[in-house]
Amino acid sequence: MENSSPRVVVITGGSKGIGRAVAYRFAEEKAKIVFAHYDADDSDSQETLKVLAGMGVEAEAHKIDVSLFQDVDLFFREIFGKFERVDVLVNNAGITKDTLLMRMSEEDWDAVLDINLKGVFNCTRAVVRPMIKERAGRIVNISSVVGQIGNPGQANYSASKAGVIALTKTTAKELAGRGITVNGVAPGFVDTEMTAVLSDKVKDGFLAQIPLGRMGMPEEVAEAVYWLCSDAASYITGQIIHVNGGMYM
Ligand code: NAD
């Protein structure tokens with residue numbers, strides 16, 4: 001974006017996978033990058049920070065659980081205290097806890113909804129007032145193709161991602177008059193740790209549904225996120241961009 005001062009970009013789940021690719025994409029414009037993660041160890045976030053430093057970018061990693069309202073509030077207070085504003089929020093953190101609905105525990109339902117959906121609410125809630133004050137801001141929420149078409153074994157996950165789509169549209173309507181755009185990106189089947197755990201049978205099942213005949217790469221999702229935050233997308237809000245190889249049209 002043609003700004004004189006670097007944009008301040010906050011990415012949840014930025015230590016690896018799609019969030020990491022989003023961080024690298026914003027690093028190309030020399031944005032200031034703060035990312036959250038909740039990994040058991042710091043090795044992925046350290047690796048991400050190393051690459052970002054190599055790109056000449058000011059970056060920070062924080063271990064926080066996006067499902068905890070108070071922790072998220074504190075995290076953003078620190079960011080506003082240090083950087084004074086947030087120009088871009090990418091709500092990317094997400095987990096799966098797959099099993100058939102008839103076997104799904106209450107804990108697995110709650111964990112996925114709390115992180116994938118409430119986490120988006122928590123982070124958005126924390127940036128909205130300051131963004132309104134600036135009369136500017138870009139928010140991109142990462143949904144999923146299964147939030148649109150459903151998927152056996154993912155009742156919790158698909159419901160959370162459908163919720164993200166509705167939340168995106170409502171937030172977009174509430175904030176459009178304030179100069180803030182809110183959009184979603186719904187990836188299909190992307191090559192990250194989240195999908196690496198799937199069996200070959202499940203992977204083959206997905207591949208058979210993808211007209212482009214291959215998995216997506218995190219960078220291909222990051223490009224859509226980045227574009228939604230660019231001047232080129234200034235008249236786009238409340239939209240869901242499908243980055244899914246044609247899996248859902
Ligand atoms: P990943 O497992 O590679 O990375 C997940 C990231 O989220 C990590 O940085 C992790 O630390 C963070 N995270 C997990 N729980 C968290 C919590 N409670 N608080 C803060 N951070 C937390 O996953 P990915 O494949 O890169 O997925 C990124 C997003 O894209 C997710 O929302 C996922 O649902 C979505 N998505 C992924 C695919 C895919 O095929 N990989 C497809 C559609 C949508």
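Just the heavy atoms: all of them, side chains too, but no hydrogens, waters or symmetry mates, feed the values below. Residue numbers run from 1 in the order of the sequence given. Please read all numbers here as calculations on a predicted model, not as lab measurements. Every number for a ligand or one of its atoms is a count from 1 in the order of the listing.
The protein heavy-atom contact nearest to atom 19 (N) of ligand 1 is V66 N, 3.0 Å. For atom 4 (O) of ligand 1, the closest non-hydrogen atom of the protein is K16 CG, 3.8 Å. Looking from atom 5 (C) of ligand 1 to the surrounding protein, the closest heavy atom is G94 O, 3.9 Å. Closest to atom 16 (C) of ligand 1, if we only count protein heavy atoms, is Y38 CB, 3.5 Å. Scanning the protein heavy atoms around atom 24 (P) of ligand 1, the nearest turns out to be T192 OG1, 3.6 Å. The protein heavy atom nearest to atom 6 (C) of ligand 1 is G13 CA, 3.6 Å.
Taking a cut-off of under 4.0 Å to the non-hydrogen atoms of I64, the atoms of ligand 1 that pass are 19 (N), 20 (C). Below 4.0 Å from some heavy atom of F189 lie the following atoms of ligand 1, by number and element: 40 (O). The S15 neighbourhood of ligand 1 comprises atoms 8 (C), 9 (O), 11 (O), with distances under 4.0 Å to a heavy atom of that residue.
The proximity of D44 to ligand 1, defined as any non-hydrogen pair under 4.0 Å, does not occur for either the backbone or the side chain. Counting heavy atoms under 4.0 Å from ligand 1, residue I95 touches it through the side chain alone. Looking at D65 against ligand 1, both its backbone and its side chain come within 4.0 Å, counting heavy atoms. Contacts with ligand 1 closer than 4.0 Å are made by no heavy atom of A186, backbone or side chain. Contact annotation for V190 and ligand 1: heavy atoms of both the backbone and the side chain come within less than 4.0 Å of the ligand.
Between D39 and ligand 1, an N or O atom pair is found at a separation short of 3.5 Å. In terms of polar-atom proximity, T195 is not counted as a contact of ligand 1, lacking any N or O under 3.5 Å from an N or O of the ligand. In terms of polar-atom proximity, G19 is not counted as a contact of ligand 1, lacking any N or O under 3.5 Å from an N or O of the ligand. Inclusion of I18 in the set of residues having an N or O under 3.5 Å from an N or O of ligand 1 is warranted. Between K161 and ligand 1, at least one N/O pair is under 3.5 Å apart. Between S144 and ligand 1, not a single N/O pair is under 3.5 Å apart.
Checked for salt-bridge contact, E47 and R20 miss the test: no charged N lies under 4.0 Å from a carboxylate O. Salt-bridge annotation for E219 and R25: absent, with no side-chain N of the basic residue lying under 4.0 Å from a carboxylate O of the acidic one. Under the 4.0 Å criterion applied to side-chain N and carboxylate O atoms, E220 and R214 are assigned as salt-bridge partners. K16 has a carboxylate O that lies under 4.0 Å from a charged side-chain N of D39, or vice versa, which qualifies the two as a salt bridge.
A heavy-atom separation below 4.0 Å is not found between S45 and ligand 1. Taking 4.0 Å as the cut-off, T12 does not count as a neighbour of ligand 1 on heavy-atom distance. Ligand 1 has G188 within reach: a non-hydrogen atom of the residue lies less than 4.0 Å from it.
Between K203 and F189 the shortest side-chain heavy-atom distance falls below 4.5 Å.
Seen from the ring of Y38, K63 counts as a face-on cation partner, given the 6.0 Å and 45° thresholds.
The residue among N92, I115, I142 with a heavy atom at the shortest distance from atom 31 (C) of ligand 1 is N92. The nearest non-hydrogen atom to atom 36 (N) of ligand 1, considering only F206, Y157, F35, comes from Y157.
A side-chain N or O of Y226 and one of E29 form a donor-acceptor pair less than 3.5 Å apart. Side chains of D44 and S15: a donor-acceptor N/O pair is absent below 3.5 angstrom, by distance only.
Taking the ring centroids of F35 and H62, they lie at or beyond the 6.0 Å cut-off.
Not one N or O on the side chain of K173 forms a donor-acceptor pair closer than 3.5 Å with the backbone of T168. When atom types are taken as modelled, the side chain of R135 and the backbone of G177 share a donor-acceptor pair closer than 3.5 angstrom. Counting only distance, with no hydrogens or angles, the side chain of T12 and the backbone of N92 share a donor-acceptor pair below 3.5 Å. A distance-only check finds a donor-acceptor pair linking the side chain of N122 to the backbone of S67 [under 3.5 Å]. For S45 (side chain) and D42 (main-chain N/O), a donor-acceptor pair under 3.5 Å exists by modelled atom type.
With sequence neighbours left out, the side-chain hydrogen bond (donor to acceptor under 3.5 Å, both in side chains) criterion links D204 to no other residue.
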